[in-house]
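Here is the structure we will look at.
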Amino acid sequence: TITPDFSASNNFTVTLAGTGRTLANPTNITAGQSGVIAINQDGTGNRTITTYGSYFKFAGGTDPTLSTGANDLDILSYYCVSSTVIVASLGADFS
């Protein structure tokens, strides 16, 4: 489980080294805060985030699908509407 502490920074980087990871609701959320979470695949690839915390809201109510190639980079951009609502979108497969 990945649990960002939003009081530590606005921008984060994580390298996935396993499948079926969870991006949990962050701690210390401040309304109006925004930033990015850079999500890297490891050298094997095919890693996934299968569960997002309930605070994360995506367009159409559908969780995003990560790129799965070895060493792929995706960027999850977020904006905190309130302490319990985070709107987010995924930019996939930066190369």
Side-chain angles (χ1 to χ4, degrees):
T1 299
I2 303 160
T3 308
D5 178 354
F6 277 13
S7 69
S9 183
N10 289 347
N11 302 307
F12 302 87
T13 300
V14 63
T15 299
L16 300 178
T19 57
R21 300 292 304 270
T22 296
L23 180 58
N25 291 327
T27 58
N28 301 304
I29 299 165
T30 300
Q33 180 176 2
S34 62
V36 300
I37 302 172
I39 304 168
N40 295 293
Q41 291 284 337
D42 66 7
T44 301
N46 291 315
R47 309 305 190 178
T48 58
I49 295 177
T50 55
T51 305
Y52 291 85
S54 61
Y55 295 174
F56 286 98
K57 309 299 180 192
F58 298 101
T62 303
D63 292 349
T65 301
L66 299 177
S67 302
T68 56
N71 302 306
D72 278 355
L73 170 64
D74 296 337
I75 301 293
L76 183 70
S77 301
Y78 69 88
Y79 176 76
C80 302
V81 176
S82 71
S83 62
T84 59
V85 175
I86 302 168
V87 293
S89 65
L90 185 75
D93 198 15
F94 285 86
S95 55

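This is a predicted model, so every value here is computed, not measured.
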For residues 75-93, please give each side-chain donor-acceptor pair under 3.5 Å, one per line with the distance, not counting sequence neighbours.
from: Y78; atom 1: OH; to: N10; atom 2: O; distance (Å): 2.6
from: S82; atom 1: OG; to: T84; atom 2: N; distance (Å): 3.2
from: S82; atom 1: OG; to: V85; atom 2: N; distance (Å): 3.2

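Under the salt bridge (Lys or Arg N to Asp or Glu O under 4.0 Å) criterion, D42 pairs with R47, sequence neighbours left out. Annotation: side chain to side chain donor-acceptor pair (under 3.5 Å) contacts of D72 (sequence neighbours excluded): none. Residues passing the ring pair (Phe, Tyr, Trp, His ring centres under 6.0 Å) test with F12 are F6, sequence neighbours excluded. Applying the ring pair (Phe, Tyr, Trp, His ring centres under 6.0 Å) rule to F58 yields the partners Y52; only residues at least two apart in sequence or on another chain are considered. Residues that satisfy the side-chain contact (heavy atoms from CB on, under 4.5 Å) test with T65, not counting sequence neighbours, are absent from this structure. Listed by chain and number, the residues in a side chain to side chain donor-acceptor pair (under 3.5 Å) with T68 amount to none (sequence neighbours excluded). Here S54 pairs with N25 under the side chain to side chain donor-acceptor pair (under 3.5 Å) rule; sequence neighbours left out. Here T27 pairs with T3, D5 under the side-chain contact (heavy atoms from CB on, under 4.5 Å) rule; sequence neighbours left out.
Taking CG of D74 as the start and CD1 of I49 as the end, the distance is 8.5 Å to the nearest 0.5 Å. Taking OG1 of T44 as the reference point, atom CG of N46 lies at 8.5 Å (rounded to 0.5 Å). L66 contributes atom CG, which lies 10.0 Å from atom OG1 of T50 (distance to the nearest 0.5 angstrom). How far OG1 of T62 is from NZ of K57: 13.0 Å, rounded to the nearest 0.5 Å.
Of the residues L73, N71, L16, the one that meets the side-chain contact (heavy atoms from CB on, under 4.5 Å) test with Q41 is L16.
The hydrophobic cluster containing V14 also contains L23, counting ILVMFWY residues as joined when their side-chain heavy atoms lie under 4.5 angstrom apart, directly or transitively.
Taking all atoms of both residues into account, the shortest heavy-atom contact from G43 to A70 is O-CB, 3.1 Å.
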